[in-house]
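The next block holds one structure in the form of structure tokens; read it before the comments.
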Amino acid sequence: MKKLSIAERLGTVSYLNQSKQNPKPHIIVDTDICNSTCPHHCTTFVCPADCYKKDENGKVYFQFEDCIECGTCMYACDQGAVDWNYPDPEEGMGVKWNFG
Ligand code: SF4
Ligand code: SF4
């Protein structure tokens, strides 16, 4: 079996939230903290799905849609900027695990 890269593996994940018109984010990030007092921006390095990114001006922004619900950012952010809640199954969770 061919060994898949991380990007290829992430490509096999589908997201129940993406087909919804008003998806309910399960993670809210206070990017005012990211872009004012945060000294390290560590979530831009540790998120495996690249949900935390920097724009061309170096400003951190967050997009929850590609989140694979690994929980890393919940522990990595030591600045109090991440509000992480397990997706509500009634509202439509984020990840649909195709292989179990
Ligand atoms: S570590 Fe926290 S405050 Fe810093 S960029 Fe990441 S989410 Fe924002
Ligand atoms: S839970 Fe994991 S995949 Fe989702 S935004 Fe946080 S670090 Fe990224």
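Counting convention: from 1, in listed order, for ligands and their atoms alike.
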- Shortest protein contact, atom 3 (S) of ligand 2 (heavy atom only): I68 N, 3.5 Å
- Task: Check step by step if side-chain contact (heavy atoms from CB on, under 4.5 Å) holds for C73 and C47.
- Result: CA-CA 7 Å; C73 61; C47 173; 5.8 Å; no
- Numbering as shown, the atoms of ligand 2 that approach C47 to under 4.0 Å (heavy-atom distance): 3 (S), 5 (S), 7 (S), 8 (Fe)
- Task: Examine T44 and say whether one of its N/O/S atoms is closer to atom 6 (Fe) of ligand 1 than 2.8 Å.
- Result: no
- Side chain, backbone, both or neither: the part of Q79 lying under 4.0 Å from ligand 1 by heavy atom: side chain
- shortest atom 4 (Fe) of ligand 2-to-protein heavy-atom contact is with C67 SG, 2.3 Å
- Item | Sub-4.0 Å atoms of ligand 1 with respect to non-hydrogen atoms of Y52 | 7 (S)
- Task: Could you tell me which atoms of ligand 2, counted from 1 in the order shown, lie closer than 4.0 angstrom to a heavy atom of G71?
- Result: 1 (S), 2 (Fe)
- Task: In sequence, state the C-alpha distance, the side-chain angles, and the governing distance for I27 and Y52, and then conclude on side-chain contact (heavy atoms from CB on, under 4.5 Å).
- Result: CA-CA 11 Å; I27 302 173; Y52 295 81; 4.1 Å; yes
- Message: Need the ligand 2 atom indices (1-based, order shown) with element for anything under 4.0 Å from a heavy-atom of C51.
- Response: 5 (S)
- Item | Donor-acceptor under 3.5 Å (N35 side chain, V60 main chain) | yes
- Interfacing atoms of ligand 2 (cut-off 4.0 Å, heavy-atom, W84): 1 (S)
- Contact check: H41 to atom 2 (Fe) of ligand 1, N/O/S below 2.8 Å: no
- What's the shortest heavy-atom distance between D78 and H40, and which atoms? OD1-NE2, 2.9 Å
- Between the OG atom in S36 and the CG atom in D30, the distance rounded to the nearest 0.5 Å is 7.5 Å
- For atom 2 (Fe) of ligand 1, find the nearest protein heavy atom and state the residue, atom name and distance (0.1 Å precision). C77 SG, 2.3 Å
- Message: Does atom NZ (K59) have a neighbourhood of more than 12 heavy atoms from anything else shown, all under 6.0 Å?
- Response: no
- Within 4.0 Å of some non-hydrogen atom of C38, the atoms of ligand 1 are 1 (S), 3 (S), 4 (Fe), 5 (S)
- V82 heavy atoms, cut-off 4.0 Å: which ligand 1 atoms fall inside? 7 (S)
- Query: Do side-chain atoms of T31 reach the backbone of C34 as a donor and acceptor pair under 3.5 angstrom?
  - Reply: no
- Item | atom 6 (Fe) of ligand 1 [closest protein heavy-atom partner, distance rounded to 0.1 Å] | T43 OG1, 2.1 Å
- Record the part of C34 in heavy-atom contact with ligand 1 below 4.0 Å; permitted values are side chain, backbone, both and neither. both
- Task: Could you tell me whether a side-chain N or O of D55 sits under 3.5 Å from a main-chain N or O of N57, the two making a donor and an acceptor?
- Result: yes
- Message: Is C73 close enough to atom 6 (Fe) of ligand 2 that one of its N, O or S atoms comes in under 2.8 Å?
- Response: yes
- Query: Which of parallel (below 30°), tilted (30 to 60°) and perpendicular (above 60°) describes H26 and W84?
  - Reply: perpendicular
- Message: So, taking the atom named CD1 in I28 and the one named CG in N85, what distance separates them when rounded to the nearest 0.5 Å?
- Response: 8.0 Å
- Within reach of ligand 2, part of F64 (heavy-atom separation under 4.0 Å): neither
- Query: From Q79 CD over to C42 SG, what is the distance, rounded to the nearest 0.5 angstrom?
  - Reply: 8.0 Å
- Message: Tell me the protein heavy atom at minimum distance from atom 1 (S) of ligand 1, and give that distance in Å.
- Response: H40 CE1, 3.6 Å
